[in-house]
Number of protein chains: 2
Amino acid sequence: MAGLRERKKARTHAAISDAAIALFLEHGFDQVSVAQVAEAAEVSKRTVFAYFPAKEDLVVHRFADHESEPARVVRSRPPGVRPLAALRDHFLAGLRDRDPVTGLNDLPQILALTRMIMETPALRTRAVTFQDGAEQALAAALHETADVPELTARLAAAHVVRTHWLLAMDNFDALLGGRAAADRHPAAVADAEHAFALLADGLGTYV
Amino acid sequence: MAGLRERKKARTHAAISDAAIALFLEHGFDQVSVAQVAEAAEVSKRTVFAYFPAKEDLVVHRFADHESEPARVVRSRPPGVRPLAALRDHFLAGLRDRDPVTGLNDLPQILALTRMIMETPALRTRAVTFQDGAEQALAAALHETADVPELTARLAAAHVVRTHWLLAMDNFDALLGGRAAADRHPAAVADAEHAFALLADGLGTYV
DNA sequence: TGCAAATCTACACCGAGTGCAGAAATATTC
DNA sequence: GAATATTTCTGCACTCGGTGTAGATTTGCA
């Protein structure tokens, strides 16, 4: 099980990331060098890169956990439930629970972190990269569990992932504008329902 | 009009990019340093960065031209034509004309270049970045010329741009597999029509 | 306690990208 | 057409992200 080595690694990993994020939030991602992060975490620069493949990952490594989330939702849906409905309900549940990935969490720390990610091109790019993985995984899940052609599955996955992202961005922007999450929640739900209805019924009635 | 200075700048710009692409195609993007590009173009390294903001732009700067293409298509559509139909027809015309952005051009140079972009993470990332711009511009065009809510326009734009990309990737993959563009063309048309029908009518009948 | 494996460190190195000061080329004025 | 002002190019030094390596340190296990 968890030997001393494993636990120490986990602690070091967290310590480095925490130190990094604290510094980044205070001075800005681009204004802090990896060497400074290493110093703050009382570790050598080489060790930082042993734990994180790139500077950006000091911040966005948590995103990796969510990479397979949509695919999981589709795969574990109850029988009889359509994939799109499962994905919509899961997003709505995320809104209700203030899941940060929905952009509707107004805890100051999370808001500040999200803001930094959005305003730092390198971080934003890295975050978008994770969407690719989510898209691939979701496409595979759709192709395998629903009986849908591969191209259709890939298109559907792309649309769903982008929809997620846009909805989250809108919610986040609202919170940045000073609104409380509870205040924004009803509109967030309405937007999400509209967006998923659009996915299901098409753009035909609009454009 | 075009003074000597302007013309010389344009020539230098092209010369640097050409030298760079030739080197990249021969040895690989990551295996060639900017210093080597500068030497090949008989220019200082500093000058390379005066013309191109980053190494990746030596390759993908052409993409910038296409950034506003979907928006232009929507804005210049004849009266009575729906935006989605205009976009679909424009893509189909691109297939017919073997426009490289449709992925259906099998000229060896273009195929090699496309392949390099797709297989080099840094280049691929940079190319995807341009899609963001296209999406923004398209969303604005839809919002302004069709009478459609802002969120709907943004969602529609996102879906259209991603659809474009996926269709182009599929065509490109087919050509990489050795097929001729003319050979792939019918399937490419069928795929495109299916994808745009999906956009118009929704995923509802599938997922 | 002692040994083998994993981990960390220091150091040297590479390439991308920038700031700067002066040289070279181009435009402008008389 | 010479003199001057302006733009552009160059060389150099520098920062920072990221990697290779050799040896010191720590940990797991017998």
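In what follows, chains are A, B, ... by sequence order, proteins preceding strands, each numbered from 1.
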| Would B:Tyr206 and B:His194 count as a close aromatic pair, with their ring centres under 6.0 Å? | yes
| request: Would you name the heavy atoms of B:Asp170 and A:Leu151 that are closest together and state the gap between them? | output: OD2-CD1, 3.6 Å
| task | Would you mind reading off the distance between B:Lys8 atom NZ and D:dT6 atom C1', rounded to a whole angstrom? | result | 15 Å
| field | Member of A:Asp106, A:Asp191, A:Asp173 meeting the side chain to side chain donor-acceptor pair (under 3.5 Å) criterion with A:Arg184 | value | A:Asp191
| query | Looking only at heavy atoms, what is the nearest atom pair of A:Leu142 and A:Val148, with distance? | reply | O-CG1, 3.3 Å
| request: Please state how far atom CG in A:Asp57 lies from atom C1' in D:dG18, giving the value in whole angstrom units. | output: 13 Å
| Are B:His164 and B:Phe91 an aromatic pair by the rule of ring centers under 6.0 Å? | yes
| said: Whole angstroms only, please: what is the NE2-P distance between A:His13 and C:dA6? | reply: 21 Å
| field | Rounded distance in Å - CD (B:Glu6) to C1' (D:dT8) | value | 13 Å
| said: Give me the atom names and distance for the closest heavy-atom approach of B:Ser17 to B:Leu58. | reply: OG-O, 3.2 Å
| To the nearest Å, how far apart are A:Ile16 CD1 and C:dT7 P? | 13 Å
| note | Rounded to whole Å, CG of A:Asp30 lies from C1' of D:dG17 at a distance of 12 Å
| task | Could you identify which residues of residues 34-56 of chain B place a heavy atom less than 4.0 Å from some atom of DNA chain D, listed by residue number, or say none? | result | B:Val43, B:Ser44, B:Arg46, B:Thr47, B:Tyr51
| query | Between C:dT7 and A:Lys9, is there an OP1 or OP2 to side-chain N/O distance shorter than 4.0 Å? | reply | yes
